[in-house]
There are 2 protein chains.
Amino acid sequence: MHTQLSIIDTLKKHNLSVTDARKNILSLFSQSGNALAHADIEQTSSAEFDRVTIYRTLQTFVEKGIIHTIPSSDNSVRYALCKDECAAGNHHHNHIHFICDNCGITYCIDQITVPKIQLPQGFKASQTDLIVSGTCNKCEQ
Amino acid sequence: MHTQLSIIDTLKKHNLSVTDARKNILSLFSQSGNALAHADIEQTSSAEFDRVTIYRTLQTFVEKGIIHTIPSSDNSVRYALCKDECAAGNHHHNHIHFICDNCGITYCIDQITVPKIQLPQGFKASQTDLIVSGTCNKCEQ
DNA sequence: ACGCCATTGCAACTTTGTTGCAAAATATTT
DNA sequence: AAATATTTTGCAACAAAGTTGCAATGGCGT
């Protein structure tokens with residue numbers, strides 16, 4: 001199965017040992033396509049993996065540059081797959097994120113890039129997040 | 001004292017009864033000038049007010065359009081004073097926010113406005129947040 | 001197949017956020 | 001200015017989210 005193969009490859013590429021939890025959680029991300037919060041993952045695979053394992057797996061994925069965090073105002077940080085250019089400790093995301101107020105789905109809108117921001121003297125940017133919230137195309141009547 | 005007066009005025013303007021907790025917490029915001037997380041407020045005034053009161057006060061202020069939330073990736077939503085144009089349930093913030101990775105201070109950078117984003121078909125924006133993180137001008141050596 | 005090292009699950013705990021209700025404070029009326 | 005109505009607060013109890021240490025398990029290299 002192609003998807004499964006590429007998941008193992010992804011883990012190996014980032015020097016991670018291949019475990020059930022990591023394969024499972026990583027495949028959740030590629031299946032969903034959108035961003036996931038810790039709670040989403042826990043609900044989907046709660047029977048299989050301990051809460052602590054999910055926390056640690058997400059943390060590891062962020063450190064290794066497999067997923068990145070998306071800021072939110074509702075105390076539920078979301079995670080999404082990084083693009084290929086991301087390496088450990090060096091995230092490059094120039095796409096914006098859209099959070100639907102209705103269904104809660106978080107989209108990575110790849111078509112739109114974040115404009116370059118000119119900061120005041122002495123401020124140095126390491127990461128820029130552009131989060132748009134509103135109603136998504138599925139929830140629109 | 002002028003500051004104290006304008007704080008009371010602000011509360012009255014938004015149809016809120018004037019209480020110690022509200023005066024105190026609101027003055028924390030105008031004194032600091034920057035954004036504050038719940039934890040910041042709790043540390044500063046924990047002896048004075050119950051945790052629950054702080055939660056409810058922040059919630060009330062957001063609803064009334066006195067403060068607004070700033071998304072974050074570290075599970076600590078920050079709050080900052082709204083500009084005058086904000087009314088209840090109708091926040092208009094076109095400035096960006098800068099979170100310093102080093103000292104944790106969150107700045108409202110008023111000089112820079114958030115560019116208008118053209119979303120894909122069917123997506124409707126209600127709020128746009130641009131959060132830049134990195135090193136602030138105080139932490140820069 | 002063996003042994004080492006990384007990962008997992010469990011338990012216990014801390015922190016963060018929520019809810020109901022009685023007491024206290026604020027606002028309103030007279 | 002006092003009495004009443006209304007809102008807000010603090011407490012207690014709880015629920016949810018996140019963390020840490022440690023023994024047991026499983027992955028990986030030889």
Side-chain angles (χ1 to χ4, degrees), chain A residues 4-5 7-28 35-64 66-67 69-79 88 104 106, chain B residues 4-5 7-28 35-64 66-67 69-79 88 104 106:
Chain A
Q4 188 68 6
L5 256 179
I7 279 169
I8 293 175
D9 286 348
T10 304
L11 291 173
K12 285 185 178 166
K13 198 190 304 179
H14 291 88
N15 295 311
L16 290 175
S17 45
V18 180
T19 68
D20 284 353
R22 288 176 181 166
K23 278 191 289 186
N24 199 305
I25 292 173
L26 185 50
S27 75
L28 277 184
L36 300 173
H38 174 96
D40 298 325
I41 296 167
E42 200 173 318
Q43 279 161 25
T44 316
S45 61
S46 60
E48 295 184 75
F49 304 110
D50 194 79
R51 235 157 36 85
V52 178
T53 301
I54 299 174
Y55 280 115
R56 294 198 265 227
T57 302
L58 290 173
Q59 193 181 305
T60 304
F61 284 0
V62 170
E63 282 163 7
K64 294 291 182 176
I66 298 175
I67 60 177
T69 57
I70 301 166
S72 86
S73 285
D74 64 352
N75 283 315
S76 91
V77 176
R78 279 141 233 237
Y79 303 85
T106 301
Chain B
Q4 188 67 3
L5 255 177
I7 280 169
I8 292 175
D9 285 349
T10 304
L11 291 172
K12 284 185 176 165
K13 198 189 304 178
H14 291 90
N15 295 312
L16 290 175
S17 45
V18 179
T19 68
D20 285 351
R22 288 176 181 166
K23 279 190 288 185
N24 198 304
I25 292 173
L26 185 50
S27 74
L28 276 184
L36 300 173
H38 175 96
D40 298 326
I41 297 167
E42 202 174 316
Q43 279 161 25
T44 316
S45 62
S46 62
E48 295 183 76
F49 305 109
D50 194 81
R51 234 155 39 85
V52 178
T53 302
I54 299 173
Y55 279 115
R56 293 197 266 226
T57 302
L58 289 173
Q59 193 180 305
T60 304
F61 284 0
V62 170
E63 282 164 5
K64 294 291 181 175
I66 298 175
I67 60 177
T69 57
I70 302 165
S72 85
S73 285
D74 63 353
N75 284 313
S76 89
V77 176
R78 281 142 232 241
Y79 303 86
T106 301

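Sequence lines set the chain letters: A, B, ... in the order given, protein chains first and strands last, and positions in each chain run from 1.
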(message) Considering every strand and a 4.0 Å limit on heavy-atom distances, what is the contact class for Ala39(B): base, sugar-phosphate, or nothing?
(response) nothing

(message) Within the 4.0 Å heavy-atom criterion, would you say Arg22(B) contacts the bases, only the backbone, or no part of the nucleic acid?
(response) sugar-phosphate

Interatomic distance where [atom1] belongs to [X] and [atom2] belongs to [N] [whole Å]:
| X | N | atom1 | atom2 | result |
| --- | --- | --- | --- | --- |
| Glu42(B) | dG10(D) | CD | P | 12 Å |
| Leu11(B) | dA27(C) | CG | P | 9 Å |
| Asn15(A) | dT7(C) | CG | P | 11 Å |
| Gln59(B) | dG17(C) | CD | P | 12 Å |
| Ile41(A) | dG18(D) | CD1 | C1' | 15 Å |
| Asp20(B) | dT8(D) | CG | C1' | 11 Å |
| Leu58(A) | dT8(C) | CG | P | 11 Å |
| Asp40(B) | dT16(C) | CG | P | 11 Å |

(message) Please report the interatomic distance CD(Glu42(B)) to NE2(His38(B)), rounded to the nearest 0.5 Å.
(response) 3.5 Å

(request) Return yes if the base of dG17(C) and the side-chain atoms of Arg51(B) contain a donor-acceptor N/O pair under 3.5 Å, otherwise no. (result) yes

(request) Tell whether Arg56(A) reaches the base of dG9(C) with its side chain through a donor-acceptor pair below 3.5 angstrom. (result) yes

(request) Would you please confirm or rule out a distance under 4.0 Å between OP1 or OP2 of dT8(D) and any side-chain N or O of Ser17(B)? (result) yes

(request) May I ask you to evaluate whether Asn75(A) reaches the phosphate of dG17(C), defined as a side-chain N or O under 4.0 Å from OP1 or OP2? (result) yes

(request) Using heavy atoms to find the nearest nucleotide of DNA chain C for Leu16(B) and Val77(B) separately, return the residue whose nucleotide is more 5′. (result) Val77(B)

(request) Tell me which of Thr53(A) and Ser76(B) sits closer to the 5' end of DNA chain C, going by the nucleotide each one is nearest to. (result) Thr53(A)

(request) For residues Lys64(B) and His14(B), report the shortest heavy-atom separation together with the two atoms involved. (result) O-CD2, 3.0 Å

(message) If you compare all heavy atoms of Ile70(A) against all heavy atoms of Ser73(B), which two are closest, and at what distance to 0.1 Å?
(response) C-OG, 3.9 Å

(request) Examine the side chains of Arg51(A) and Thr53(A) and answer whether a donor and an acceptor come within less than 3.5 Å of each other. (result) no

(message) Checking side-chain polar atoms at under 3.5 Å, does Arg78(A) have a donor or acceptor matched by the opposite partner on Thr106(A)?
(response) yes

(request) With the side chain of Tyr55(A) defined as its heavy atoms from C-beta on, choose the nearest nucleotide among dA17(D), dC28(D), dG9(C). (result) dA17(D)

(request) Ignoring the backbone of Ala21(B), work out which of dG9(C), dT7(D), dT9(D) is nearest its side chain. (result) dT9(D)

(message) Heavy-atom nearest nucleotide on DNA chain D for Val52(B) versus Thr19(B): which residue maps closer to 5'?
(response) Thr19(B)

